[in-house]
Amino acid sequence: MKTIVKGMEGVEEAAEVIRRGGLVAFPTETVYGLGGNALDPEASRKIYAAKGRPSDNPLIVHVSCMEEVDALVSAFPEDARKLMETFWPGPLTIIMPKAECVPLETTGGLNTVAIRCPENKLTLAFIKAAERPIAGPSANTSGKPSPTEAEHVLHDLDGKIDMILDDGPVGIGVESTIIDVTGEVPTLLRPGAITLEELSQTLGKTVEVDPAIVAGGVKEGIHPKAPGMKYRHYAPNACMALVTTAFLKEHDYGVSGEDRKNEDRKVASAIEHLVKKDEAEGKKVGIICCEETRELYAGEYEADLKVIGRRSDPLSMTHELFRILREFDDDQVETIYAESYSDHGVGFALMNRMRKAAGMTELLADV
Ligand code: TXA
Ligand code: MG
């Protein structure tokens, strides 16, 4: 690759690459995206090819302001307007009925389009300068953890795209919340930093959760409405498992004081047991814990211990998750054991990605 440009200097050049039909990786507050002209079917085909992504998995169309949405949709539901006014620019993608001008190549053959206005100064200027909406999935090789730094993009896509606009590490670290407002009832298709509670509160009504999110992808008879949620995603090369206790699950992690300490100890000793067993077989092992529990992991084993953040602050953990999974890959770790955390608020997004990375494997420490 040609150019990694830091800061505002890259904006004009990036816009020019888009106008010529090329691909530019761009920063957002969630993860890095891989951008092309959303109205050009050829650019969308190039995006799928660069990512190695199945072409029935639609792209998100990025705009620089609400006014740019009109041209892309055939109807503008009131719910969409409320959400945009409240959360844009920000980590919220809204599914709307698409206008003629949005090619089916961009929407994976659907007659709806996913639209989002990211909160990143460089990227907003870049979209404006390109004078076109920017189609952008996450800028990773399909199936790998989404990139949270320009380095990750380079690792996956070097030689396959024209340019990277670098704005350092992202803030949130997991992809945007996706809500579908085209049906009777607004439906959450992917959890992110904008929480289910915030969405319901803004709309003044219940927001349903696509059953596929909870089931963790394709299960018999459950078809996710966001096609992307059906693929094995966010996956490290290692075999990963989450570890928890029945008591913590039963109480939705709303356990504190001595009770919590006991449960934490149970999890830590179950992980220690698993680690020792794997290490005895000569495997390289990784552990993911949090600030609150790190002192419990001081056993006699080699495993690479990574502290993901403070569990009292799920955003501190989403920020680190994908970077940690990539580091384990770089270090050729073969198995990863991770603690489970609460699904509440932003925790829902964190746990959704962690469960997917673990292929839904969750072990109970006390059985
Ligand atoms: O935070 C983000 O959303 C990042 C940054 C770059 O904006 N983008 C991102 O894109 O995560 P991607 O392609 O990795 O994920 C897009 C998701 C996929 O699960 C896809 O199936 C879903 O959005 N999607 C896109 N268009 C859709 C549509 N019309 N109906 C339902 N789901 C849709
Ligand atoms: Mg993605």
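Remember, it's 1-based here, ligands and their atoms both numbered in the order they're listed. These numbers were taken from a predicted model, which means no experiment stands behind them. When a residue number appears, it is its place in the shown sequence, counting from 1.
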Practice prompt. From atom 17 (C) of ligand 1, work out which of L110, L92, I178 has a heavy atom at the shortest distance.
Written response: I178
Item to complete: Under the side-chain contact (heavy atoms from CB on, under 4.5 Å) rule, collect the residues that match up with P41, sequence neighbours excluded.
Response: R45, P103, E105
Worksheet item: Considering distance alone, does some N or O of T28 sit under 3.5 Å from an N or O of ligand 1?
Response: no
Item to complete: Would you mind listing which atoms of ligand 1 come within a distance below 4.0 Å of any non-hydrogen atom of I60?
Response: 3 (O), 8 (N), 9 (C), 10 (O), 16 (C)
Worksheet item: Which value, rounded to the nearest 0.5 Å, describes the distance between H319 atom NE2 and S316 atom OG?
Response: 9.0 Å
Worksheet item: In terms of atom number and element, which parts of ligand 1 are under 4.0 angstrom from non-hydrogen atoms of H62?
Response: 5 (C), 6 (C), 7 (O)
Worksheet item: Would one find more than 12 heavy atoms of other residues, nucleotides or ligands at under 6.0 Å from atom CD of E300?
Response: no
Item to complete: May I ask you to list the atoms of ligand 1 that are less than 4.0 angstrom from any heavy atom of A114?
Response: 25 (C), 26 (N), 27 (C)
Worksheet item: Can you name the side-chain contact (heavy atoms from CB on, under 4.5 Å) partners of N262, sequence neighbours left out?
Response: R265
Worksheet item: Given the side-chain rings of F26 and H62, with only the six-membered ring counted for Trp, is the space between their centroids under 6.0 Å?
Response: yes
Response to the item:
Heavy-atom proximity to atom 29 (N) of ligand 1, picking from N120, T112, L189, T93, points to T112
Discussion item. Going by the closest heavy atom to atom 26 (N) of ligand 1, which one wins out of S176, P27, P58?
Written reply: P58
Worksheet item: Does at least one non-hydrogen atom of K98 fall below 4.0 angstrom from an atom of ligand 1?
Response: no
Worksheet item: Taking NZ, NE, NH1 and NH2 as the nitrogens, is one of them in E42 or K46 under 4.0 Å from a carboxylate oxygen of the other?
Response: no
Worksheet item: Taking atom CG of D278 and atom CD of E302, what is their separation to the nearest 0.5 Å?
Response: 13.5 Å
Worksheet item: With a cut-off of 4.0 Å, which atoms of ligand 1 are near a heavy atom of G33?
Response: 6 (C)
Fill in: N57 contact mode with ligand 1 (heavy-atom cut-off under 4.0 Å)
side chain
Discussion item. Nearest 0.5 Å, please: how far is NE2 in H152 from CZ in R326?
Written reply: 5.5 Å
Practice prompt. Identify the residue among K266, K261, R260 that makes a salt bridge (charged side-chain N to carboxylate O under 4.0 Å, His left out) with D264.
Written response: R260
Worksheet item: Taking the non-hydrogen atoms of I95, is any one of them nearer than 4.0 angstrom to ligand 1?
Response: yes
Practice prompt. Below 4.0 angstrom from a heavy atom of S138, which ligand 1 atoms are there? Numbered from 1 as shown, please.
Written response: 8 (N), 9 (C), 10 (O), 12 (P), 13 (O), 14 (O)
Discussion item. If I apply the N/O under 3.5 Å rule, does R53 come out as touching ligand 1?
Written reply: yes
Worksheet item: Got a sec: is S138 within less than 2.8 Å of the Mg ion (ligand 2) via an N/O/S atom?
Response: yes
